[in-house]
Structure formats: C-alpha cells, structure tokens
Amino acid sequence: MPILKSSIKQVRKVKKQTLLNKVRRSQYKSVLKKINILIKNKDKKVSSKLLSEFNSQIFKAAKKGSVSKKTAARQVSRITKKINSIKVK
C-alpha cells in the first residue's frame with residue numbers, strides 16, 4: 001500500500017481510469033461482435049449501418065487513450081473491407 005498522500009490519490013485515480021477504459025473497450029467490442037455476426041450471415045445492409053456506430057465507439061476510445069489510434073484505424077479498415085467484400089444477392 002502506498003504511504004504518501006499523493007500516491008494514495010494516484011491509486012484511486014488509476015482505478016477510475018481502468019474502469020472507464022474497460023467500459024469503453026467493451027462497448028466497441030460488443031458492436032464489433034454484432035458486425036462480425038452480420039458479416040457471417042452476409043447481411044450487408046444492417047452491417048453497413050452498424051459500421052458508423054462502430055466507428056464512433058472505437059474512435060471515442062482512441063481519443064481517450066483506451067485504444068491506440070493506429071489500432072482503431074486498422075480495425076475500422078479491416079471491418080470496412082469485410083463489409084465491402086459481401087456480395088448482395
């Protein structure tokens with residue numbers, strides 16, 4: 001356990017930050033799972049609509065530092081490529 005007052009405050013701050021980071025990551029990961037299911041079912045229309053929600057969620061997380069900006073851009077690029085490769089019947 002920390003002894004200094006500033007160290008105690010820092011521990012408290014890190015706990016809050018960790019919790020917020022987990023929330024942000026879980027939000028974009030849940031949208032990512034939904035999109036992957038739709039891609040598997042070849043539902044291009046709905047997955048395209050969810051893509052904008054995924055973009056906003058992941059870039060919010062990147063802006064706050066929960067995920068790196070390069071990781072966010074890479075994931076968006078891969079999902080967009082998968083959605084565009086779906087052939088509509």
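All residue numbers in this chain count up from 1 along the given sequence.
With rounding to the nearest 0.5 Å, the separation of CD1 in I58 from NZ in K69 is 13.5 Å. We find the CD1-OG distance between I79 and S48 to be 11.5 Å, quoted to the nearest 0.5 Å. To the nearest 0.5 Å, the span separating NZ on K5 from NZ on K9 amounts to 5.0 Å. Taken to the nearest 0.5 Å, the NZ atom of K81 stands 12.5 Å off from the CD1 atom of I39. Going from atom CD of Q57 over to atom OG of S30 covers 7.0 Å, rounded to the nearest 0.5 Å. Here the straight-line distance linking atom CD of Q10 with atom CG of L4 works out to 12.0 Å at 0.5 Å rounding.
Cluster membership check: V46 shares its hydrophobic cluster with V76, using side-chain heavy-atom separations under 4.5 Å among Ile, Leu, Val, Met, Phe, Trp and Tyr.
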Would you please test R24 and K64 for side chain to side chain contact (heavy atoms under 4.5 Å, CB included) and show each step?
CA-CA 9 Å; R24 288 187 192 111; K64 299 292 183 178; 3.6 Å; yes
CA sep, side-chain torsions, deciding dist, call: L50, E53, side chain to side chain contact (heavy atoms under 4.5 Å, CB included)
CA-CA 5 Å; L50 267 180; E53 184 183 340; 3.3 Å; yes
Could you go through N36 and K82, starting from their C-alpha distance and side-chain angles, then the distance that decides it, and tell me whether this counts as side chain to side chain contact (heavy atoms under 4.5 Å, CB included)?
CA-CA 9 Å; N36 280 328; K82 282 181 184 179; 3.9 Å; yes
Carefully, step by step, assess L38 and I83 under the rule side chain to side chain contact (heavy atoms under 4.5 Å, CB included).
CA-CA 9 Å; L38 291 170; I83 290 174; over 6 Å; no
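Residues S68 and T71 bring a donor and an acceptor atom of their side chains to less than 3.5 Å of each other.
Here the closest non-hydrogen pair linking I86 and S47 is CD1-OG, 4.4 Å. Contact record, K44 with N84: NZ-O, 3.7 Å, taken as the closest heavy-atom pair. When all heavy atoms of Y28 and A61 are compared, the closest pair comes out as CD2-CB, 4.4 Å. Nearest approach of N21 to S66, heavy atoms of both residues: OD1-OG, 2.7 Å.
Side-chain atoms of S26 come within 3.5 Å of backbone atoms of K22 as a donor-acceptor pair (strictly under, hydrogens ignored).
You'll find the side chain of F54 reaches within 4.5 Å of the side chain of Q75, heavy atoms only.
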